[in-house]
> 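One structure, pasted below without further comment.
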Amino acid sequence: MAGIVVRYRTSLSEADRNQRLIEAVFAELVGTDPGGIRYAAMRLADGASFVHVALIDDPAANPLLELPAFAAFQHGLAERCEVQPEAAMAALIGSYKMF
């Protein structure tokens with residue numbers, strides 16, 4: 001199992017659009033239930049920063065990469081961002097009703 005944490009900041013003018021694209025990813029996950037992933041995304045209090053946390057059973061087969069909604073989210077992400085996404089591998093130490 002691999003943990004991944006991604007943090008970035010969009011421009012304020014793109015933050016709502018970015019959130020809608022993320023919501024579409026979750027809707028597709030619910031609709032397809034691909035398994036192999038536990039995923040959360042949060043919008044921070046500044047209104048433009050986002051954090052995504054994923055636990056993926058098999059990093060070589062990341063279910064997000066198969067979703068059209070995730071491809072749509074990624075398309076143009078660099079242009080929406082003022083601070084580009086920074087991804088870091090992470091090890092889960094504990095979780096209370098989260099994962």
Side-chain angles (χ1 to χ4, degrees):
M1 179 179 296
I4 303 167
V5 177
V6 180
R7 183 177 176 152
Y8 58 95
R9 187 176 69 240
T10 65
S11 65
L12 277 174
S13 63
E14 290 289 333
D16 287 341
R17 179 171 163 241
N18 194 69
Q19 180 171 329
R20 286 190 301 274
L21 289 164
I22 294 167
E23 289 167 345
V25 172
F26 282 98
E28 189 168 0
L29 282 168
V30 168
T32 60
D33 192 18
I37 186 166
R38 283 157 281 177
Y39 184 47
M42 291 151 273
R43 188 172 178 177
L44 302 185
D46 68 5
S49 296
F50 294 83
V51 176
H52 300 243
V53 179
L55 292 176
I56 302 167
D57 291 346
D58 180 2
N62 182 343
L64 287 176
L65 301 179
E66 305 300 319
L67 300 177
F70 188 71
F73 161 72
Q74 286 190 310
H75 181 74
L77 179 59
E79 291 78 24
R80 290 192 305 274
C81 287
E82 291 182 349
V83 175
Q84 293 300 308
E86 182 179 325
M89 298 305 292
L92 182 65
I93 295 171
S95 172
Y96 178 75
K97 295 186 179 185
M98 183 78 155
F99 292 107

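For reference, positions follow the sequence shown, starting with 1. Atoms considered below: every heavy atom in the structure, side chains included; atoms not considered: hydrogens, waters and symmetry mates. Keep in mind the model is a prediction, meaning the values are calculated, not measured.
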> Is the side chain of Thr10 donor-acceptor paired with the backbone N or O of Cys81 at a distance under 3.5 Å, no angle test?
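Side chain of Thr10 to backbone of Cys81, a donor-acceptor pair under 3.5 Å: no, none is there.
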> Can you give each donor-acceptor pair under 3.5 Å made by side-chain atoms of residues 28-37, sequence neighbours left out, with the distance rounded to 0.1 Å?
from  : atom 1 : to    : atom 2 : distance (Å)
Glu28 : OE1    : Ala69 : N      : 2.7
Thr32 : OG1    : Glu28 : O      : 2.8

> Among all residues two or more places apart in sequence or in another chain, which pass the side-chain contact (heavy atoms from CB on, under 4.5 Å) test with Gln19?
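With neighbours one apart ignored, the set is Glu23, Arg43, Phe50.
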> Is the shortest heavy-atom distance from the side chain of Arg38 to the side chain of Met1 under 4.5 Å?
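They are in contact (side-chain heavy atoms under 4.5 Å apart), so the answer is yes.
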> Side-chain heavy atoms nearer than 4.5 Å, only ILVMFWY residues, links allowed to pass through others: does that put Leu67 and Val53 together?
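They do not share one cluster, since no chain of ILVMFWY contacts under 4.5 Å joins Leu67 to Val53.
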> Of all residues at least two apart in sequence or in a different chain, which pass the side-chain contact (heavy atoms from CB on, under 4.5 Å) check with Ser95?
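Result, side-chain contact (heavy atoms from CB on, under 4.5 Å) vs Ser95: Leu92, Met98, Phe99.
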> Got more than 12 heavy atoms from elsewhere within 6.0 Å of CD, Glu86?
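Open.
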> Please check: side-chain N/O of Gln84 versus main-chain N/O of Tyr8, any donor-acceptor pairing under 3.5 Å?
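Side chain of Gln84 to backbone of Tyr8, a donor-acceptor pair under 3.5 Å: no, none is there.
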> Answer with yes or no whether the hydrophobic clustering places Met89 together with Val51; edges join I, L, V, M, F, W, Y residues whose side-chain heavy atoms lie under 4.5 Å apart.
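Different clusters: Met89 never reaches Val51 through Ile, Leu, Val, Met, Phe, Trp or Tyr contacts under 4.5 Å.
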> Going by the rule side-chain contact (heavy atoms from CB on, under 4.5 Å), which residues pair with Ala90 if we only count those two or more places apart in sequence or in a different chain?
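Applying side-chain contact (heavy atoms from CB on, under 4.5 Å) to Ala90 gives Val5.
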> Drop me the distance from Ser11's OG to Asn18's CG, to the nearest 0.5 angstrom.
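If I round to the nearest 0.5 Å, the distance is 9.0 Å.
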> Under 6.0 Å between ring centres: does that hold for His52 and Phe73?
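They qualify: ring centres under 6.0 Å apart.
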> Can you list the residues that meet the salt bridge (charged side-chain N to carboxylate O under 4.0 Å, His left out) rule with Arg9, with sequence neighbours excluded?
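Once residues adjacent in sequence are excluded, the partners of Arg9 under the salt bridge (charged side-chain N to carboxylate O under 4.0 Å, His left out) criterion are Glu82.
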> Could you tell me the separation between the CZ atom of Arg20 and the CD1 atom of Ile22, rounded to the nearest 0.5 Å?
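Going from CZ on Arg20 over to CD1 on Ile22, the span is 11.0 Å.
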> Can you measure from CG (Asn62) to CZ (Phe70) and round to the nearest 0.5 angstrom?
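If we round to the nearest 0.5 Å, Asn62:CG and Phe70:CZ are 6.5 Å apart.
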> With sequence neighbours left out, which residue pairs that include part of residues 17-38 fulfil the ring-ring contact (aromatic ring centres under 6.0 Å, His included) condition?
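Counting only pairs at least two positions apart or across chains, the ring-ring contact (aromatic ring centres under 6.0 Å, His included) contacts touching residues 17-38 are Phe26-Tyr39.
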> Would a hydrophobic clustering, with Ile, Leu, Val, Met, Phe, Trp and Tyr connected at side-chain separations under 4.5 Å, put Leu64 with Val6?
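Looking at the clustering, Val6 is in the same group as Leu64.
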